[in-house]
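Report on the structure given below.
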Amino acid sequence: MSSIAIIDFETTGISPNMGDRATEVAIVMLEGGQVVDRFQSLMNAGVRVNSFITQFTGITNEMVQAAPPAEQVMREAARFVAGRPMVAHNAAFDKKFWQAELARCGQDASHPYACTVLLSRRLYPQAPNHKLGTLAALHHLPSSGRAHRALADAEMAAHLLAQMQHDLRTRYGFTELDHALLMGLQRTSRYQVGAYLKARVGGLRSSI
DNA sequence: TGCCAGGCCCTCTTTAGGGCCTT
């Protein structure tokens, strides 16, 4: 059975191109709709955490200074992912930090990323918004810790992805749900979602 | 304190502008 790596970074800001660095990473391995493994670590990139970020995430300068070096953590994270396809909530954000941090230690970062924000916009257009916390409440997903810490957010995104996989199975009759299907779905116009899923499921059945 | 990005998406659009989402 194929597994998917769901990742979440906590960082000092929103742009690695502006000098922002990762302070924490968590990766949750999802297999058959179940969380089967976890990786989490704070990391010390040698930068200071400002008061807004500390208030937002709970991560302090003392915590970061006591953490292992960023390069060491990123090498371990890359080994944990081991080339698996990846998913993140607003993947454009986590993907650019993944690439920036791995580039600093000469590691390959060419993993395909699917995005639960894009998928949610396709599958749950009725949602009031597509923030992770809102979607977790909407689907009554289990909470697994403090929001805006990497492991809690990665687990929440994994539960959201599992919910999407469940809905695709029950609504559209999918028996196999791979990463390529998710990549195709997130690239599909919201007006073409039904046609795309119907084509991919092989015309077994569709509720659209 | 407030700003810093960027890809995606919508619409009163497409020769554009602005909101969403992440920290």
Side-chain angles (χ1 to χ4, degrees), chain A residues 5-28 40-64 67 70 73-74 77 86-104 109-139 141 144-161 163-164 182-196:
Chain A
I6 296 91
I7 189 168
D8 186 77
F9 278 107
E10 302 307 319
T11 71
T12 61
I14 55 178
S15 175
N17 290 335
M18 299 289 289
D20 293 324
R21 298 293 304 274
T23 56
E24 186 179 43
V25 62
I27 302 161
V28 171
Q40 179 273 330
S41 181
L42 288 160
M43 66 177 88
N44 184 358
V47 294
R48 288 196 61 78
V49 179
N50 68 39
S51 58
F52 170 79
I53 293 295
T54 294
Q55 190 169 21
F56 189 68
T57 66
I59 295 172
T60 65
N61 280 298
E62 291 71 23
M63 292 165 68
V64 169
V73 173
M74 289 305 300
M86 302 182 76
V87 168
H89 197 69
N90 195 22
F93 177 86
D94 293 284
K95 183 180 181 180
K96 66 186 179 183
F97 275 96
W98 176 253
Q99 292 175 333
E101 294 293 346
L102 284 180
R104 289 176 175 273
S110 58
H111 306 68
Y113 265 77
C115 176
T116 46
V117 173
L118 298 182
L119 291 168
S120 177
R121 287 174 178 162
R122 305 298 188 280
L123 295 175
Y124 312 121
Q126 79 284 1
N129 60 58
H130 299 277
K131 294 178 183 177
L132 184 57
T134 301
L135 294 169
L138 184 69
H139 296 290
L141 303 179
S144 47
R146 186 193 196 283
H148 306 304
R149 284 299 299 269
L151 184 58
D153 283 3
E155 292 225 24
M156 194 173 287
H159 289 309
L160 176 60
L161 181 62
Q163 179 71 46
M164 290 173 175
L182 300 176
M183 296 292 284
L185 178 57
Q186 74 179 23
R187 285 193 297 264
T188 301
S189 158
R190 64 174 180 155
Y191 303 110
Q192 298 295 320
V193 166
Y196 171 78

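Keep in mind it's a predicted model, so treat the numbers as computed, not measured. We name chains A, B, ... by the order of the sequence lines, and we start the count at 1 in each one.
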Please answer whether the main-chain N or O of A/R21 pairs with a side-chain N or O of A/T12 as donor and acceptor at a distance below 3.5 Å. yes
For A/F56 and B/dC21, what is the distance between atoms CZ and C1' respectively, to the nearest whole Å? 11 Å
For atom P, what is the distance between B/dG19 and B/dT13, given to the nearest Å? 16 Å
A/R121 (side chain) donor-acceptor with A/Q186 (main chain) under 3.5 angstrom: no
Calculate the interatomic distance between A/I6 atom CD1 and B/dT22 atom C1'; express it in whole Å. 17 Å
Measure up the A/H111 and A/W98 rings against each other and bin them: parallel (under 30°), tilted (30 to 60°), perpendicular (over 60°). perpendicular
Using the side-chain heavy atoms of A/L118, tell me which of these nucleotides is nearest: B/dT23, B/dC10, B/dC8. B/dC8
Pairwise P distance for B/dG2 and B/dC8, with rounding to whole Å: 31 Å
Taking A/F9's backbone N and O only, do any of them form a donor-acceptor pair with A/D94's side chain (distance below 3.5 Å, no angle check)? yes
List for me each residue that meets ring-ring contact (aromatic ring centres under 6.0 Å, His included) alongside A/F52, sequence neighbours excluded, and say none if there are none. A/F56
Contact class for A/D8 (heavy atom, under 4.0 Å): base, sugar-phosphate, or nothing? sugar-phosphate
Rounded distance in Å - CD (A/E24) to P (B/dT23): 11 Å
Minimum heavy-atom distance A/A109-A/L102, with the two atoms named: CB-CD1, 3.8 Å
Between the main-chain N or O of A/A26 and the side-chain N or O of A/D8, is there a donor-acceptor pair closer than 3.5 Å? no
Looking at A/R190, I'd like to know whether one of its side-chain N or O atoms comes within less than 4.0 Å of OP1 or OP2 on B/dC10. yes
Interatomic distance where OH belongs to A/Y113 and P belongs to B/dC8 [whole Å]: 15 Å
Quote, to the nearest angstrom, the C1' distance that separates B/dG17 from B/dC12. 11 Å
Which of these nucleotides, B/dT11, B/dT23, B/dC21, is closest to any side-chain atom of A/H130? B/dC21
Which of residues 45-55 of chain A sit near DNA chain B, with a heavy atom under 4.0 Å from it? A/F52, A/I53
Can you measure A/N129 atom CG to B/dG18 atom P for me and round it to whole angstrom units? 22 Å
Please check: side-chain N/O of A/H89 versus main-chain N/O of A/L132, any donor-acceptor pairing under 3.5 Å? yes
Write down the distance between CG (A/L185) and C1' (B/dC8), rounded to a whole number of angstrom. 15 Å
How long is the straight-line distance from NE2 of A/H130 back to CG of A/L138, given to the nearest 0.5 Å? 9.5 Å
Mind listing the N/O atom pairs, protein and nucleotides 5-7 of chain B, below 3.5 Å?
residue : atom : partner : partner atom : Å
B/dA5   : O4'  : A/S15   : OG           : 3.4
B/dA5   : N3   : A/K96   : NZ           : 3.3
B/dG6   : OP1  : A/N17   : ND2          : 3.3

For B/dT23 versus B/dC3, give the span between their C1' atoms, rounded off to a whole number of Å. 14 Å
Please measure how far the P atom in B/dC4 lies from the corresponding atom in B/dG18, and state the result in whole Å. 14 Å
Is A/T57 touching bases, backbone alone, or none of the nucleic acid, heavy atoms closer than 4.0 Å? sugar-phosphate
Nearest-Å distance, NZ (A/K131) to C1' (B/dG19)? 12 Å
Roughly how many Å is it from CG in A/L151 to P in B/dT23, rounded to a whole number? 14 Å
If only side-chain N and O atoms of A/H89 are considered, is one of them under 4.0 Å from the OP1 or OP2 phosphate oxygen of B/dC21? no
Any donor-acceptor N/O pair, A/D153 side chain to A/H148 backbone, under 3.5 Å: yes
